[in-house]
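Have a look at the structure below, then the notes.
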Amino acid sequence: MDRSTPAADSLDPQVPLIALDDVRKAYGGKDSPRIEVLRGISLSIHPGEFVAIVGSSGSGKSTLMNIIGCLDRPSAGTYRFAGLDVAALQSDELAWLRREAFGFVFQGYHLIASSSARENVEMPAIYAGTPAAQRRQRALALLERLGLAGRTDNRPHQLSGGQQQRVSIARALMNGGYIILADEPTGALDSHSGAEVMKLLDELAAQGHVVILITHDREVAARARRVIEIRDGLIISDSRIAPDMPAPNAAPAVGGLRERLARGSTTAGVWRNELRDALQAAWRVMWLNRFRTALTLLGIVIGVASVVVMLAVGEGSKRRVMAQMGAFGSNIIYLGGYSPTPRTPEGVISLADVGALAGLPQVKMIMPVNGAHTVVRYGNVDHVMYTGGSGVDFPAILNWPVVEGTFFTAQDEAMAAPVAVIGQKVRERVFKGVPDPIGRYLFIENAPFQVIGILSGKGAASGDSDSDERIVVPYSAASIRLFGSQDPEYVIIAAADADRVHEAERAIDTLMLRLHRGVRDYQLTNNAALIQAEARTRNTLSLMLGAIAAISLLVGGIGVMNIMLMTVRERTREIGIRMATGARHRDILRQFLTEATLLSLVGGVVGIGLALLIGGALSVADIAVVFSLSSMLGAFACALATGVIFGFMPARKAARLDPVIALSGQ
């Protein structure tokens, strides 16, 4: 659609602001009787006019107002706003018109019950992206101007009918309200309040606002300068009671609206204002329906708590059962020399073999070890300890971290630096009585080595020597300074996949046979039984926790969907009010998605808190419980995702409501 328009100051004053040509509106269709409410309405309204549309109940005047205010679309005919065909406008552009051009004053006030007077007035500015401070200042100024300075924080039920109507007028003026559409504004008021409201409308008309008044009261209509009478969906008279006195800036104002609409209807920064408003609205709804909210949250809370607790119990049990396997490496394969027969020498594993094995895809890491039992001395204390020259991957490949100091670096390895990392038993026996061995020198076979780190305690596998009686030095230093040989004593190989260690072992065996020309003068060993036990334990825990997570998410999701569907049904009129004040479909979608997310957010937080309490009780009962941040964040994220996924359908249902039907509360 071509929306190029002339400049505002060149807009022809004779161009109607609102032009309807043979507009018709009918309801019903295939399965119900067709009722024609408007049967060919043609009229024009110019800038600065104060128009009263008069008719009895059922005459079609309210339907006409809904079409003029872009709350409804005609079944046939043409509606032009400032020369633009409204039928060609998209839903966002219609929302822009409702937000920027029109201001609605309804007979039933249509204020959001859970919001204060000020918050109701601010609503159109929220969807316009007005900053919070500016929005608040303008709302307070409008309420003060309409005599409600002391009632800004009152909710609608704390205001009289006349005060509520004045709040709705202030809301209509929040974004400028160039065109005021007032549908029976005095119909629900006493005579005094009605006179005050009409006085306000007179003042707005005098200030240049276009006022379109819908009424069945001819005395009220007499306040307008033009009266249009409708009967049975047709205009039967159109007369002027007083001469029009359009505001001098009427045409430029209309041109400005037209140009702004042509530039686009999307306002940057709207989502930030809406998010704050949506969070406040969601919290109020949850608080006002505390019992129902608590029951809904119960499903999410139980789901999140069960997932977190079971993950913690599973992790604790797994760590307790798998401690030994984790310590000695369930994916580790050991390669060493072997004598095929008693009369043949033991095979030698060379560094060339190590380099070839490192290229296998089944091998994650590989590390040669050049070691032997040595005499270790510090001061006048000496012991026989195992000293092994290893690479810098020692902590990673054996899952054996340094708890004090540091491990040696690649530079230390390249320079054959005389540095050592000692086990816990070496510290206790060789450095007995020394508070901190870091930085001190010990002698290994009369060669001085500086202690730079201490390994964590590892213990011993069944039948093996104590692993903590070990000293680790750079491979190059062990080869040059201690043993005089470059060939490793044995090689430690970490398989790429702990579940496929046997496959890695077969690949290594095939390559070694080729390298050693068909002679199996080497030996491969691994912890096969431990690997199988680990796999069974992990699979069982994964299945159990997966089932719990699926059930908990399903229960929580059904609860969220249920409460959101009920919320949409209960707040249909509020949705209509928001649309009438300029909310787009995606604004309504965002509103209710935010509420579903907040519900899940609260449930997730409470669920994690409950899980921690349960975990504390289980720990007292000597049940291994290990909470991890990742599991809690994962459960929390699942709860949040559940709220979004299961809240999307109700939110989409709310966003697709027709503004007119929503306003009627159906």
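The structure presented is a predicted model; accordingly, all values stated were derived computationally and were not measured.
In this structure, Tyr475 has no side-chain hydrogen bond (donor to acceptor under 3.5 Å, both in side chains) partners at least two apart in sequence or on a different chain. Residues that satisfy the ring pair (Phe, Tyr, Trp, His ring centres under 6.0 Å) test with His383, not counting sequence neighbours, are absent from this structure. Annotation: ring pair (Phe, Tyr, Trp, His ring centres under 6.0 Å) contacts of Phe483 (sequence neighbours excluded): none. For Phe407, the ring pair (Phe, Tyr, Trp, His ring centres under 6.0 Å) test picks out Phe394, with sequence neighbours left out.
Proximity of Arg440 to Val434: side-chain heavy atoms (C-beta onward) are separated by under 4.5 Å at one or more points. At a threshold of 4.5 Å between non-hydrogen side-chain atoms, the residues Leu524 and Met512 do not count as touching. Taking the side chain as every heavy atom from C-beta outward, Ile444 and Leu482 approach each other to under 4.5 Å. Between Asp587 and Arg584, some side-chain heavy-atom pair lies under the 4.5 Å cut-off. Between Leu513 and Arg520 there is a side-chain heavy-atom pair separated by less than 4.5 Å. Inter-residue side-chain proximity for Ile438 and Ile452 is flagged as unmet; no heavy-atom pair is nearer than 4.5 Å. Proximity of Ser390 to Val369: side-chain heavy atoms (C-beta onward) are separated by under 4.5 Å at one or more points. Arg377 places a side-chain heavy atom less than 4.5 Å from the side chain of Asn446.
The minimum heavy-atom distance linking Pro345 with Ser339 is given by the pair C-OG, 3.6 Å. Of all the heavy atoms in His373 and Glu445, the pair that sits closest is O-OE2, 4.3 Å. The two atoms that bring Pro418 and Arg481 nearest to each other are CD-NH2, 3.8 Å, heavy atoms only. Residue Ala420 comes nearest to Ile471 through the heavy atom pair CB-CG2, 3.8 Å, listed as atom of the first residue, atom of the second, then distance. The two residues Pro437 and Val451 come nearest to each other via the heavy atoms O-CB, 3.6 Å. Across every non-hydrogen atom of Ile397 and Ala494, the tightest pair is CG1-CB, 3.6 Å.
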* Could you walk me through whether Leu612 and Met632 pass the side chain to side chain contact (heavy atoms under 4.5 Å, CB included) check? -> CA-CA 10 Å; Leu612 293 174; Met632 288 190 286; 4.1 Å; yes

* Audit row: Ile422, Val430, side chain to side chain contact (heavy atoms under 4.5 Å, CB included) steps and yes/no -> CA-CA 10 Å; Ile422 63 175; Val430 177; over 6 Å; no

* Candidate pair Arg470 and Val426, rule side chain to side chain contact (heavy atoms under 4.5 Å, CB included), full reasoning -> CA-CA 7 Å; Arg470 181 179 188 131; Val426 179; 5.7 Å; no

* Asked: Checking side chain to side chain contact (heavy atoms under 4.5 Å, CB included) for the pair Val519/Thr344: CA distance, chi angles, key distance, verdict?
  -> CA-CA 11 Å; Val519 179; Thr344 58; over 6 Å; no

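No donor-acceptor pair under 3.5 Å is formed between the side chain of Gln134 and the backbone N or O of Pro131. At least one donor-acceptor pair under 3.5 Å links the side chain of Thr374 to the backbone N or O of Met385. The backbone N or O of Ala583 lies less than 3.5 Å from no partner atom in the side chain of Arg578, so there is not a single donor-acceptor pair. Not one N or O on the side chain of Gln486 forms a donor-acceptor pair closer than 3.5 Å with the backbone of Ser479.
To the nearest 0.5 Å, atom CG of residue Leu515 and atom CD1 of residue Ile349 are 9.5 Å apart. Atoms CG and NE2, on Asp353 and His516 in that order, are 3.5 Å from each other to the nearest 0.5 Å. Atom CG of Leu398 is separated from atom CG of Leu455 by 9.5 Å, given to the nearest 0.5 angstrom. How far OG1 of Thr387 is from CG of Asn370: 11.0 Å, rounded to the nearest 0.5 Å. Between the CG atom of Leu357 and the CG atom of Leu335 there is a distance of 6.5 Å, given to the nearest 0.5 Å. With rounding to the nearest 0.5 Å, the separation of CG in Leu351 from CG in Asp487 is 6.5 Å.
Identified under the salt bridge (Lys or Arg N to Asp or Glu O under 4.0 Å) test for residues 388-408, with sequence neighbours left out: Glu404-Arg427.
Tyr378 and Phe431 have tilted rings, their planes meeting at an angle from 30° to 60° on a 0 to 90° scale.
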Can you give each donor-acceptor pair under 3.5 Å made by side-chain atoms of residues 646-657, sequence neighbours left out, with the distance rounded to 0.1 Å?
none

